[in-house]
Amino acid sequence: MDPVKQSHVEEYGKAPEIIASAPGRVNLIGEHTDYNDGFLFPMAIDFTVRVAISRRKDSHLHFYSVDYKDRKRATLPTLRFRKEDRWANYPKGIIAQFFERGQSLGGMDITIHGDIPQGAGLSSSAALEVATALAIQDLYGIEIGREDLARLAQKAENEFVGVKTGIVDQFISRLAKEGHAMLLDARYLTYHYVPLALKGVKILITNSKVPHGLAESEYARRREDCRVCVEILSVKKPGTALRDYAASDVRDSMGLIPEATRKKCLHVVEENQRVIEAEEALRRKDLVTFGKLMNRSHESLRDLYEVSCPELDWLVKRAWETDGVYGSRLTGAGFGGCTVTLIEEEAIPSYQEHILQYERIFGFKPEVYVCRPSAGARIVENRVQSS
Ligand code: GLA
């Protein structure tokens with residue numbers, strides 16, 4: 001039996017009516033561009049979270065996390081963010097969003113189980129939000145498109161949990177296509193899929209295991225830097241987001257914008273350009289160019305946007321030194337989390353040898369995952385009709 005189903009039965013004494021699954025993601029290139037209305041190139045990975053739900057007759061909400069062996073409770077009329085509810089705030093946020101849209105929901109027993117590495121910047125929380133949202137959508141027969149569902153999940157994160165992230169994590173978790181990456185335009189939420197048929201080449205994720213404690217506050221500061229920059233740039237040339245500016249605009253603003261802020265903006269506008277070029281390179285099956293753009297992206301995140309850390313820089317450098325590596329960069333918000341590396345399959349053992357000293361130097365045991373570009377969220381089981 002599906003482990004989440006089994007756990008649900010053991011916990012609540014009845015089978016779930018619905019089980020939904022949603023994947024984590026890795027961003028191949030295009031970092032810190034989504035909240036600047038820019039371009040991104042993510043793919044979903046073959047790590048997922050599953051959410052099983054059965055309806056209750058009252059207005060109580062019971063949450064059970066198999067992975068944390070932890071239980072939380074709430075009720076529909078008193079639903080609010082509570083710090084001590086930690087992981088349960090994500091599904092609570094989704095329920096609150098459906099509520100806000102005027103959807104009438106009843107009490108629910110909810111079980112959560114997943115294998116996305118936690119706190120690694122692979123969007124385990126976005127996947128939990130999306131899986132919960134899809135399960136509830138199906139359970140109550142709610143009409144909502146895929147893009148809208150991703151937006152609802154982002155709103156849960158932004159407004160209920162209170163973390164002001166962009167849209168990319170929820171969007172790719174809901175809309176990814178197996179075997180493909182997605183070129184996403186975060187302003188218009190338009191996208192297209194690009195096949196990732198890489199013969200003999202793998203997408204390797206290395207988990208630095210560095211706890212990314214700084215990520216939240218520094219993320220908010222970067223967003224603010226970008227906002228300030230747009231405010232100043234828009235005096236000379238109309239625009240509402242960094243997406244509206246070219247690198248030359250930012251270069252010409254020397255003296256107008258504090259240097260530390262200007263560097264950040266230069267990263268964003270150049271990263272947008274790199275995403276476009278990377279997508280074109282991939283279409284031509286030019287992995288060498290694609291890899292070089294990944295490397296430039298890392299340098300820019302390290303030197304201009306300043307979201308890297310010694311551990312990530314070390315891992316990326318070792319990858320760059322390994323024969324058979326096309327490119328490597330930090331992925332996600334930064335300050336820890338993972339690197340993503342485009343590598344010939346046969347070079348993986350050599351890369352692993354190159355990073356052997358990591359644990360001795362930094363004190364964290366890294367983990368390496370070979371990831372397949374995977375499909376977005378789906379319903380695993382629906383027993384709603386027969387219940
Ligand atoms: C986090 C956020 C995303 C995005 C990345 C940086 O993963 O959740 O919205 O901003 O950081 O590219």
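Start at 1 and go down the list; that is how both ligands and their atoms are numbered. Every value quoted in this text rests on a predicted model; they were computed, and no experiment measured them.
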request  = Among all protein heavy atoms, pick out the one at the shortest distance from atom 5 (C) of ligand 1; state its residue, atom name and that distance to 0.1 Å.
outcome  = Glu31 OE2, 4.0 Å

remark   = Here the atoms of ligand 1 under 4.0 Å from any heavy atom belonging to Val168 are 3 (C), 4 (C), 9 (O)

key: Where ligand 1 meets Gly166 - atom numbers and elements under 4.0 angstrom, heavy-atom basis   = 9 (O)

Listing, residues 373-381 side-chain donor-acceptor contacts under 3.5 Å, not counting sequence neighbours, or none:
unit_1 : atom_1 : unit_2 : atom_2 : d
Ser374 : OG     : Asp46  : N      : 3.3
Ser374 : OG     : Arg372 : O      : 2.8
Glu381 : OE1    : Lys5   : NZ     : 3.2
Glu381 : OE2    : Lys5   : NZ     : 2.8

query = Quick one: does Gln170 get within less than 4.0 Å of ligand 1, heavy atoms only?
reply = no

note = For Tyr35, the atoms of ligand 1 under 4.0 Å from one of its heavy atoms are 10 (O)

query = What protein heavy atom sits nearest atom 8 (O) of ligand 1, and how far off is it?
reply = Asp169 OD2, 2.5 Å

ask   = Are Arg187 and Asp185 within salt-bridge range, i.e. N to O under 4.0 Å?
value = no

task = Look at atom NZ of Lys285 and say whether more than 12 heavy atoms of other residues, nucleotides or ligands are closer to it than 6.0 Å.
result = no

key: Pair Arg283 + Glu279, salt bridge at N-O below 4.0 Å   = yes

inquiry  = I'd like to check whether Asn27 has a polar contact with ligand 1, where a contact means an N/O of the residue lying under 3.5 Å from an N/O of the ligand.
reply    = no

Residues Lys72, Asp70: salt bridge by 4.0 Å N-O rule = yes

note = the protein heavy atom lying closest to atom 7 (O) of ligand 1 turns out to be Arg25 NH2, 2.9 Å

message = Give me the residue, atom name and distance of the protein heavy atom closest to atom 9 (O) of ligand 1.
response = Asp34 OD2, 2.5 Å

request  = Please determine if Lys14 and Asp109 form a salt bridge, counting it only when a charged side-chain N lies under 4.0 Å from a carboxylate O.
outcome  = yes

Side chains of residues 341-352: which donor-acceptor pairs under 3.5 Å do they make with residues two or more places apart or in other chains?
unit_1 : atom_1 : unit_2 : atom_2 : d
Thr341 : OG1    : Ser328 : OG     : 2.9
Glu344 : OE2    : Tyr326 : OH     : 2.5
Tyr351 : OH     : Thr206 : OG1    : 2.7

